[in-house]
2 protein chains.
Amino acid sequence: MGGARLDGRVERGNQTRQLVLGRAVHVASTEGLEGLSLGRLATELKLSKSGVFALFGSKEELQLATVRAAVAVFVDHVLTPTRAVPPGLGRVWRMCESWLSYSQRRVFSGGCFFYATIAEFDSREGKVHDALASTQTGWVTFVEETVEEARVRGELAADTDVSQLAFELIAFMELANAESVLHNNNPGYTKAARAILGRLHAVATDPSALPAAP
Amino acid sequence: MGGARLDGRVERGNQTRQLVLGRAVHVASTEGLEGLSLGRLATELKLSKSGVFALFGSKEELQLATVRAAVAVFVDHVLTPTRAVPPGLGRVWRMCESWLSYSQRRVFSGGCFFYATIAEFDSREGKVHDALASTQTGWVTFVEETVEEARVRGELAADTDVSQLAFELIAFMELANAESVLHNNNPGYTKAARAILGRLHAVATDPSALPAAP
DNA sequence: CCTACCGATCGGTAGG
DNA sequence: CCTACCGATCGGTAGG
């Protein structure tokens, strides 16, 4: 039937799309979203350039699809393991551990996809900037909610400034990623873990629930 | 004399070079060092493309000269005001204030030049990466030395982990820049100042020498 | 009419 | 610093 042929073509299109995006997120994490080239992706994947183009319609749509694909990877590697732990101080620490592990394992070959692409698009305008900005806001909100869960459960001091603490935790994680990618070494992760545990020990009502600083 | 004519030409060449680099540091802070284009700089400055090329010899040399020019600007706006204060806790705080002011005043139109370009080149290889990496190492060393000056003067607890504290201060400054450029707002600077003063209050032997947290 | 591609080429621009 | 070009590659589109 015609329907079966159509489904087969759509299915192949989806598979090719996933193939392209799987490559695009790694390229963008090292060379930036502007460094993505339809022709280069096509060559590397042994597809035609116009075939890749037909899948996305424009370079900007390829960039936006790449951001969405990277978000899905980030969710799998950071948010999902965090949610596997009950809300509270333990979940806050698991969140930070998962993030540092996500960066250190080079889930994206160029380190954190969002560090690279936000630095690239932060002072531009357009849909790609806006997609990255709202992704970043979503991550900050997730960190704040995770900290707030611990505070309302009485595992953090009641007067903890949740937004401030979230800012500080994110700062340590981001600099660990930046230093380790730039210098291709690991001391930044140790410093970040020490800094995070130091802040959490300072505000935890029962610090013994946390690991000692490394 | 031939020497006089040559000097005149060299002088004009130096002026044009400074003109080009003054434009290049701003372009690179917003669009990256790879986004620099000889032709675009020439058009904007009403020079010929090959004329600009002749001043630098290659795109990579233009990028390296742009990094050196940005270092000079950073020194003027951050290191020089820091050194105007006597060594100790006051100098540490002045260093952080100067950095936040340098970012917030958009001395480079795209925010901190080094945040943008290090994110761009961190996972590449070559002279530009190496120049940026050694610039970053130099900045970290300066922060550590400034903290150490305060510690040996007895203004910080004797057992302060200098390298760890420097990491934490830099993390707060970097995230303030990243957030404020991405969202084009200022709360990140307030959070960073609060975080920095919080850490300094915690290790200072005489916290009254510092401002209260904002 | 649709899709998922192909080989070839459009107008422009890159570094040199 | 200029004009005049080069080999190549960019994002995007043509007909089949």
Side-chain angles (χ1 to χ4, degrees), chain A residues 1-24 27-28 30-67 117 120-121 124 126-128, chain B residues 2 4-24 27-28 30-67 120-121 124-128:
Chain A
M1 276 175 51
R5 285 203 302 276
L6 179 61
D7 285 349
R9 293 184 205 180
V10 170
E11 181 54 33
R12 267 189 291 123
N14 285 338
Q15 287 180 8
T16 306
R17 199 180 152 90
Q18 292 311 309
L19 180 72
V20 173
L21 290 175
R23 180 87 195 140
V27 172
T30 57
E31 323 223 1
L33 284 162
E34 213 59 60
L36 284 175
S37 146
L38 295 163
R40 181 182 152 188
L41 285 170
T43 302
E44 292 177 353
L45 299 170
K46 308 202 176 188
L47 304 170
S48 76
K49 190 173 71 167
S50 58
V52 174
F53 181 80
L55 286 168
F56 298 97
S58 71
K59 181 169 180 175
E60 188 177 58
E61 285 302 319
L62 167 66
Q63 292 172 327
L64 291 167
T66 301
V67 172
T117 57
E120 183 184 12
F121 275 81
R124 303 188 196 197
K127 291 183 183 179
V128 178
Chain B
R5 284 203 303 275
L6 180 60
D7 286 346
R9 293 184 206 175
V10 169
E11 182 52 33
R12 268 189 291 122
N14 285 338
Q15 287 180 9
T16 305
R17 201 181 150 91
Q18 292 310 309
L19 180 73
V20 173
L21 291 175
R23 181 87 196 138
V27 173
T30 56
E31 323 224 1
L33 284 163
E34 212 60 61
L36 283 176
S37 145
L38 294 164
R40 182 182 151 187
L41 286 170
T43 302
E44 291 177 353
L45 299 171
K46 310 204 174 186
L47 303 170
S48 74
K49 189 172 72 170
S50 58
V52 175
F53 181 79
L55 285 168
F56 298 98
S58 71
K59 181 168 181 176
E60 188 177 57
E61 285 302 319
L62 168 66
Q63 292 173 326
L64 291 168
T66 302
V67 172
E120 183 184 12
F121 275 81
R124 303 187 196 198
E125 297 188 338
K127 292 182 182 179
V128 178

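Computation of the quantities below employed the complete heavy-atom set of this structure, encompassing side-chain atoms and omitting hydrogens, waters and symmetry-equivalent molecules. Per chain, numbering begins at 1; letters A, B, ... match sequence-line order.
- Put simply, CD on Gln63(B) is 9 Å from P on dG16(C), counting in whole angstrom units.
- With sequence neighbours left out, the salt bridge (Lys or Arg N to Asp or Glu O under 4.0 Å) criterion links Arg124(B) to Glu34(B).
- The distance from atom CZ of Phe53(B) to atom C1' of dG16(C) is 5 Å, rounded to the nearest whole Å.
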field: Bracket notation of DNA chain D in which parentheses pair within the strand, [ ] cross earlier pairs, and | pairs with another strand (Watson-Crick or G-U, under 3.5 Å)
entry: ....||....|...|.

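- Side chain Lys59(A) to base dG12(D): no donor-acceptor pair is found below 3.5 Å.
- Here the closest non-hydrogen pair linking Val128(B) and Gln63(B) is CG2-OE1, 3.6 Å.
- In this structure, Leu62(B) reaches neither bases nor backbone, as no heavy-atom distance under 4.0 Å exists between it and the strands shown.
- Per the geometry, CG belonging to Leu55(B) stands 15 Å off P belonging to dG16(C), to the nearest Å.
- One can find a donor-acceptor pair under 3.5 Å joining the base of dT3(D) and the side-chain atoms of Ser50(B).
- Rounded to whole Å, the separation between the P atoms of dA4(D) and dG16(C) comes to 22 Å.
- Inter-residue side-chain proximity for Leu33(B) and Thr66(B) is flagged as met; some heavy-atom pair is nearer than 4.5 Å.
- Contact of the Leu45(B) side chain with the Val52(B) side chain is not registered, since no non-hydrogen atoms from C-beta on lie closer than 4.5 Å.
- The CG atom of Leu38(B) sits 5 Å away from the P atom of dG15(C) (whole-angstrom rounding).
- Spacing between dA8(D) and dG12(C) at atom P, rounded to whole Å, works out to 22 Å.
- Nearest heavy-atom pair, Glu61(A) versus Phe56(A), reported as atom, atom and distance to 0.1 Å: CB-O, 3.2 Å.
- Between Ala54(A) and Lys49(A), it is Ala54(A) whose nearest contact on DNA chain C lies nearer the 5' terminus.
- Between Glu34(B) atom CD and dC10(D) atom P the separation is 13 Å, expressed in whole Å.
- With rounding to whole Å, Phe56(A) atom CZ is found 18 Å from dT13(D) atom C1'.
- For the pair Arg17(A) CZ and dT3(C) C1', the computed distance is 14 Å after rounding to whole Å.
- Atom CG in Leu41(A) sits roughly 14 Å away from atom P in dC5(C) (whole-Å rounding).
- Here the side chain of Lys49(B) pairs no donor or acceptor atom with the backbone of Ser37(B) at under 3.5 angstrom.
- Closest non-hydrogen pair, Leu55(B) versus Arg17(B), comes out as O-NH1, 3.2 Å.
- The phosphate of dG11(D) has OP1 or OP2 within less than 4.0 Å of a side-chain N or O from Ser37(A).
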